[in-house]
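Notes for the one structure printed next.
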Amino acid sequence: MSSSKTVFDVAIDTLNEAGRLGKINPRALQILQAPKRINAFRIPLKLDNGSFEVFQAYRVHYCDAMGPFRDGTRIRPELTLEEIKALGIFMTIKHCVADIPAGGAKGGIQADLRTLTERDKECLIRAFVRNLEPKGPWVDVPGADIGTGEQVMSWMLDEYEQITGAHCPAAINDKPAILGGSLGGEAATGLGVFLVLQAAARDMGLEINNAAAAVQGFGQVGSELASLLYETGCRVIAVSDVYGGIFEEKGLNIPALKDHVQKTGSVADFPGATTLSNDQVLEAEVDILIPAAVHDVIHADNAANIKARLIVEGANGPVTTEADRILMDNQIIVIPDVVANSGGATVCHFERSQGLSDEYWDLDRVNNTLRKRILAAYTQSRDRAREFNTQSIRFGAWIHALKKLERAMALRGWI
Ligand code: NAD
């Protein structure tokens, strides 16, 4: 990658350019240049194997002009504060685009979960919650992200409730349904990416059932999305994960690939498929490309090699600013993360509402409401792009969000 910019620098570039195009009040932009509050702390832990480690952790409260801080917790060994800040501003924008009355936050722990026992993980998570000094659903609601599934969120909820002495399912998101989570939560982001992809393809006159697609990342988001594409008859010809990629011109059998991943832990060595590198998957001869792994994967050095006509961002921040310009020059449509992957945040909103009301929704209600809301987010972002004379739906989405933030800040008397 030629640029030394961090993913947070890229987010701030997008903020400032959208602010310029949308003529947003400079005071609102000034507030959004950095998080409102950063809680950085270290967690000492005596591990089961007798060793001792201190883990760096963060909770970033980015902006709460629209409502209580909300969203995920990421655990990975390479985690940086810059990454958590970027995810915090993405959540601030994403909630606005999805019309959710919530602010943006993100947390994380720098840890390699593969080296920890279940008991080590539980101790680490409970200590993380204690360090947040959690204040409940009207202040800050942590959810899941990479490295934090339903078990982790169950420990978080239990620790919160042990501290406060009261049950409060709305205090933690992404819980299993049996502890007050929402049905449809796990599949929500993949389903949302698919719904937005369908709408964008329709706008371009691209028939998904006759198209070829490549998916980078075959986790919660990528595998769900690949399954939905496969069911429509779309040929998913290239897929990758952290270990590398695979290719099958006729289209991969996605249900069989899911079984293979279940058994082996990777897409690698899928019978009948050719091996590709992760870069080759991104540059494959396809109509649709879905980066659904990590940030900064499409950059100045590979953007010109992308063949897809439509890119739908399952991951957060997969395209750098320079790459975005190259893709735009090449007439490639990019549906940005803050629209495309907002399905998870939207169902988290339903989850919190269910917890607060103690009234739980069936799956049809969750999915139908998600469909309506995410398609509205796409249409409004696309229309804002047209209104402000930019080809970029990313800027359309950010302008749409910034108009709301500007109004909320003005009404609160902040600017
Ligand atoms: P996951 O951990 O379930 O899966 C991640 C996948 O990406 C795995 O297949 C992994 O092997 C692969 N991967 C990791 N590093 C890679 C690399 N360098 N190159 C290629 N592949 C790599 O994660 P997920 O929940 O599916 O999330 C994927 C992306 O979507 C992340 O950027 C996340 O922030 C974003 N996202 C997820 C949700 C959600 O609800 N899960 C919501 C919004 C955004």
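All residue numbers in this chain count up from 1 along the given sequence. Remember, it's 1-based here, ligands and their atoms both numbered in the order they're listed. Keep in mind it's a predicted model, so treat the numbers as computed, not measured.
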Name the atoms and distances for all side-chain donor-acceptor pairs under 3.5 Å in residues 400-408, with sequence neighbours left out.
residue	atom	partner	partner atom	Å
His400	ND1	Arg384	NE	3.3
His400	NE2	Gln380	OE1	3.1
Lys403	NZ	Gly22	O	2.8
Lys404	NZ	Cys96	O	2.8
Lys404	NZ	Asp99	OD1	3.2
Glu406	OE2	Asn25	N	2.6

Problem - Stepwise side-chain contact (heavy atoms from CB on, under 4.5 Å) check, Lys307 with Glu283 - result: CA-CA 6 Å; Lys307 321 281 184 316; Glu283 297 171 17; 4.1 Å; yes
Problem - Worked verdict on Thr321 versus Asp324 for side chain to side chain donor-acceptor pair (under 3.5 Å) - result: CA-CA 5 Å; Thr321 314; Asp324 225 10; over 6 Å; no
Close N/O pairs between ligand 1 and protein, under 3.5 Å:
residue	atom	partner	partner atom	Å
ligand 1	3 (O)	Gln220	N	2.9
ligand 1	9 (O)	Phe218	N	2.9
ligand 1	9 (O)	Gly219	N	3.4
ligand 1	11 (O)	Val242	N	3.0
ligand 1	21 (N)	Val242	N	3.4
ligand 1	26 (O)	Gln220	N	3.1
ligand 1	26 (O)	Val221	N	2.9
ligand 1	30 (O)	Gly314	O	3.4
ligand 1	32 (O)	Ala293	O	2.8
ligand 1	32 (O)	Asn316	N	3.4
ligand 1	34 (O)	Arg74	NH2	2.8
ligand 1	34 (O)	Asn316	ND2	3.0
ligand 1	40 (O)	Thr189	OG1	2.7

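Among residues at least two apart or in separate chains, side chain to side chain donor-acceptor pair (under 3.5 Å) pairs with a member in residues 143-153 are Arg74-Asp145, Lys106-Asp145. For residues 186-201, the set of pairs meeting the side chain to side chain donor-acceptor pair (under 3.5 Å) definition, not counting sequence neighbours, is empty.
Taking the ring centroids of Phe69 and Tyr62, they lie at or beyond the 6.0 Å cut-off.
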